[in-house]
Amino acid sequence: MRIIKMKMARVGVLLDQHAMERRHRFGLNVFEAYVGEVLSHAGIPFHWLHHVNEIGQSEWDVLIVACAEDDAETANAVWDYALRGGIVISYAGLNNLAGKLGCLEQPELAVGYADLASRGQPQPIRWMRAKPWETGSGSAFPVRKTGMLKKESPFGESAGSALLQFQVGQGGIDRWSVNIPYSIVVFQQGTGPVLSDGVPARDGSANVDEGILKADDRCAMDWEWDRLRTETGAPYFAYPYADWWREQLIGHLLQRVISLGKTLPMIGYWPEGVSCVTTISHDSDLNVDESAETTLQVLSECGIRSTWCMLEPGFSPHIYEKVKQAGHELAFHFNALEMQGGKWTEEEFDRQFQWLKNAAGLAAVRSNKNHYTRFEGWGELFEWCEKHGIQADQTRGPSKRGNIGFLFGTCHPYFPIAWFDRKNRLYDVLEISFLTQDLDHRSLADSSVIVPFLEQVRKAEGAAHFLFHQIHIHQQPKVNQAIRSVVAEARKKGFAFWTSAEINDWERRRRNIRITGISPDGQVEFQGEAGTGGVVVWVPEPFASGQEEVRCGVPCKKIVLDAQRIRETGERV
């Protein structure tokens, strides 16, 4: 193996506790803290800083200012750090430094699109909060401008540069006009707590205002600008904006690290030999035993395992045994639909969950998906899942024909963030949103969306989650054929088939590995337990030879960790 002689950059993320607590007292969220989840999902090592005084206590190469007081103390500390050669990154913050950098702070903007073609992003990216600066002509600090913001639509009025990079002393201050962490959260979890119906599509394809509170009632997408249509006219949300912003955030960080002549390794999203994953789930709904038998036969013929979300009163006991013997996952399907006697209460969740464990003979249940994607508030569901040891949820997905696709901006599993009243903590529940349900159902979307969904998920290295109800597989031949088409097309494109539990287990396993350095002889140093191995590490190379693979816009060396040589003490591989 070629020797890699380089040092690993030290990244600090400032999340000032006093500033965060003050915002919480006034009922404000600090979704900027979600930058930690973005870095953790990418397997990028970093250190939290909890007070501005910690900036000067160690030799940080890059400082990400997530949350801090917008005052003179913070401005002076950040400025001194940059003068000494550090790289500062901010996402729509540091407004106290605008004047010093020769800029004029502009009013905050609620929504728009960023043209980042110069950063390798051909499609404009929707954002949900931005605060641009207007650059003056008399600034003493050289500035590089990248990208352009557009108000409200991809063709709207220009609103300034997307990224400003100032040279300050021996270092630099890079300021994104877009609040990237906030935008990612809002795409994934919605524009706010679900308290009322959402706004329906004008073309009648998605009547989300039908009087049932659901996850998609607080969607951050635009009906006009964010949907495409297939050759058959099927509308779908085409763009995983949250995933694109993740890639921009990570790519920019890595580019700044490389500019320092250093590296910052990442952990691959999937194990060696797996580039992307398809997962198929079923909701038992009408609980007809014959539909379960048909589904088992179809899955056997396709040679895949899936996740079965069980709704009370469920199938007959012998069905559960067949599902287990075939290697499928039995999961929960919480019913809070009032017209069926359900209730959105913790007590009802408890009761139905205990029913499932007793009926199916399960000691533990790893996954849940709410019936009809019922959802209220912001984080209650995740708290209930945590209480019962449910580690993965699948509720966030489309309920209508016209809002299928990347409705929540992502095809990656992620840990959601709590509201300010829970101190914006991360829930210990992995969300695995789904793309669509029951393709070629007589009243739902047709299978023309299979290829565009899989192609976009493959580009994002994510998980393509398709939902098929057993009853429709059994009763509608076109749905029966559609699930076979999904399997065939996914296999053709190189997708692996995993259950929800397997995705959850892998994501948690890879996050237990922490890269601690690059040794003088080019070996990856790490701590943690990699389980069965096959963990991929991508090492950005500041002096590329042309033999590397490009990840997030930077050339990287691929290293696969050997499970036989992994130790808790941080052994080299």
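Given the structure is predicted, the values throughout are model-derived calculations rather than measurements. Numbers here simply count residues along the sequence, with the first being 1.
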> Are any side-chain N or O atoms of R227 and backbone N or O atoms of G402, one a donor and one an acceptor, separated by less than 3.5 Å?
Replying inline: yes

> Does a side-chain N-to-carboxylate-O contact under 4.0 Å join E489 and R491?
Replying inline: no

>> Classify the ring geometry of W506 against W498: parallel below 30°, tilted from 30° to 60°, perpendicular beyond 60°.
In response: perpendicular

>> One pair to check against side-chain contact (heavy atoms from CB on, under 4.5 Å): D226 and R126. What are the steps and the verdict?
In response: CA-CA 8 Å; D226 300 329; R126 184 174 172 86; 3.2 Å; yes

>> Show the nearest heavy-atom pair for residues A418 and R422, with the distance to one decimal.
In response: CB-CB, 3.6 Å

> Could you walk me through whether Y414 and D243 pass the side chain to side chain donor-acceptor pair (under 3.5 Å) check?
Replying inline: CA-CA 11 Å; Y414 64 90; D243 295 340; over 6 Å; no

> Would you say H282 and H333 make side-chain contact, with heavy atoms under 4.5 Å?
Replying inline: no

> Testing W344, Y427, F353 for ring-ring contact (aromatic ring centres under 6.0 Å, His included) with W384, which one passes?
Replying inline: W344

> With a 3.5 Å cut-off and no angle check, do the side chains of Y372 and N335 form a donor-acceptor pair?
Replying inline: no

> For D428, does its backbone N or O pair with a side-chain atom of E386 as donor and acceptor, under 3.5 Å?
Replying inline: yes

> F375 ring centre to R396 NZ or CZ under 6.0 Å, with the angle to the axis within 45°?
Replying inline: yes

> With a 4.0 Å cut-off, would you call D505 and R510 a salt bridge?
Replying inline: no

> Do NZ/NE/NH1/NH2 and the carboxylate oxygens of K400 and D209 come within less than 4.0 Å?
Replying inline: no

> Under 3.5 Å, side chain of E507 to main-chain N/O of L430, donor-acceptor pair present?
Replying inline: no

> Per the side-chain contact (heavy atoms from CB on, under 4.5 Å) rule, which among T278, T436, V486 passes with F453?
Replying inline: T436

> Are Q123 and Y113 close enough, and set up right, to give a side chain to side chain donor-acceptor pair (under 3.5 Å), and what steps lead you there?
Replying inline: CA-CA 10 Å; Q123 178 69 33; Y113 292 78; over 6 Å; no

>> Does either side chain, that of E301 or that of Q297, offer a donor lying less than 3.5 Å from an acceptor on the other one?
In response: yes

> Could you go step by step and tell me if H412 and H41 meet the ring-ring contact (aromatic ring centres under 6.0 Å, His included) rule?
Replying inline: CA-CA 9 Å; H412 277 262; H41 179 51; 5.1 Å; yes

>> Given D393, which partner from the list N504, N370, N368 fulfils the side chain to side chain donor-acceptor pair (under 3.5 Å) test?
In response: N368

> Do the ring centers of F334 and H371 come within less than 6.0 Å of each other?
Replying inline: no

> Taking D283 for the side chain and D285 for the main chain, is one N or O donor matched with an acceptor at less than 3.5 Å?
Replying inline: no

> Just wondering, do K343 and E338 contact through their side chains at under 4.5 Å, heavy atoms?
Replying inline: no

> Should M266 and I250 count as side-chain neighbours, where that means a heavy-atom distance under 4.5 Å?
Replying inline: yes

>> Donor-acceptor check, side chain of W538 to backbone of V550, threshold 3.5 angstrom: yes or no?
In response: no

>> For a quick test of reading the model, state the closest non-hydrogen atom pair linking T395 to E431 and the distance between them.
In response: N-OE2, 3.4 Å

> For the residue pair N424 and V30, what are the closest heavy atoms and their distance?
Replying inline: OD1-N, 2.7 Å

> Does a side-chain heavy-atom distance below 4.5 Å link V277 with F495?
Replying inline: no

>> Less than 4.5 Å apart, side chain to side chain, heavy atoms only: is that true for L435 and I404?
In response: no

>> Quick test of your reading of the model: are R551 and E247 salt-bridged, counting only N-O distances below 4.0 Å?
In response: no

> Testing D440, T230, T232 for side-chain contact (heavy atoms from CB on, under 4.5 Å) with S447, which one passes?
Replying inline: D440

>> Rounded to the nearest 0.5 Å, what separates atom CD in Q188 from atom OG in S433?
In response: 8.0 Å

>> Less than 4.0 angstrom from a charged side-chain N to a carboxylate O is my criterion; do E380 and K387 meet it?
In response: no

> Ignoring hydrogens and geometry, is there a side-chain-to-backbone donor-acceptor pair from S316 to I319 under 3.5 Å?
Replying inline: no

> Short question: side chain of D217, backbone of K214 - any donor-acceptor pair under 3.5 Å?
Replying inline: yes

> Can you tell if the side chain of R119 reaches within under 4.5 Å of the side chain of H252, non-hydrogen atoms only?
Replying inline: yes

> Taking all non-hydrogen atoms of both residues, which atom of F468 and which atom of I473 are closest, and how far apart?
Replying inline: CB-CD1, 3.8 Å

>> Please determine whether side chain to side chain donor-acceptor pair (under 3.5 Å) holds for the pair E329 and S367, giving the CA-CA distance in whole Å, both sets of side-chain angles, and the decisive distance to 0.1 Å.
In response: CA-CA 9 Å; E329 175 193 5; S367 306; 2.5 Å; yes

> Yes or no on ring-ring contact (aromatic ring centres under 6.0 Å, His included) for W127 and W176, after CA distance, side-chain angles and deciding distance?
Replying inline: CA-CA 12 Å; W127 45 262; W176 285 89; over 10 Å; no

>> Donor-acceptor check, side chain of S183 to backbone of N179, threshold 3.5 angstrom: yes or no?
In response: yes

> Between E461 and R458, is there a salt bridge with N-O shorter than 4.0 Å?
Replying inline: no

> Would E152 and K150 pass as an ion pair if we require N to O under 4.0 Å?
Replying inline: no

>> If I compare all heavy atoms of A326 with all of L296, which pair ends up nearest, and what's the gap?
In response: CB-CD2, 4.4 Å

> Going by an N to O cut-off under 4.0 Å, is there a salt bridge joining R202 and E224?
Replying inline: no

>> Measuring only between side-chain heavy atoms, which start at C-beta, is S281 closer than 4.5 Å to F434?
In response: no

> Short question: side chain of E37, backbone of P416 - any donor-acceptor pair under 3.5 Å?
Replying inline: no

>> Is the distance between the ring centroids of Y239 and F406 under 6.0 Å?
In response: no

>> Let me confirm one number: the CG-CD1 distance from D438 to I483, rounded to the nearest 0.5 Å.
In response: 9.5 Å

> Would you say the side-chain atoms of D115 pair up with the backbone N or O of A117, donor to acceptor, closer than 3.5 Å?
Replying inline: yes

> Do T294 and Q470 have a side chain donor and acceptor closer than 3.5 Å?
Replying inline: no

> Hey, are the side chains of Y91 and V178 touching, using non-hydrogen atoms and a 4.5 Å cut-off?
Replying inline: no

>> Check for me whether the distance between the ring centres of F349 and F332 falls short of 6.0 Å.
In response: yes

> Does the side chain to side chain donor-acceptor pair (under 3.5 Å) test come out yes or no for H474 and S291, once each step is laid out?
Replying inline: CA-CA 5 Å; H474 176 65; S291 71; over 6 Å; no

>> Can you tell me if K478 has over 12 outside heavy atoms packed within less than 6.0 Å of its NZ?
In response: no

> Do the two ring centres, one from W223 and one from F237, sit under 6.0 Å apart?
Replying inline: yes

> Is the shortest distance from a Lys or Arg side-chain nitrogen in E455 or K493 to a carboxylate oxygen in the other one below 4.0 Å?
Replying inline: yes

> Which pair of non-hydrogen atoms, one from D446 and one from L439, has the smallest distance, and what is that distance?
Replying inline: O-CD2, 3.6 Å

> Any idea how F315 and W308 line up, ring-wise: parallel (<30°), tilted (30 to 60°), or perpendicular (>60°)?
Replying inline: perpendicular

> Got a salt bridge between R351 and E347, using NZ or NE/NH1/NH2 to carboxylate O under 4.0 Å?
Replying inline: no

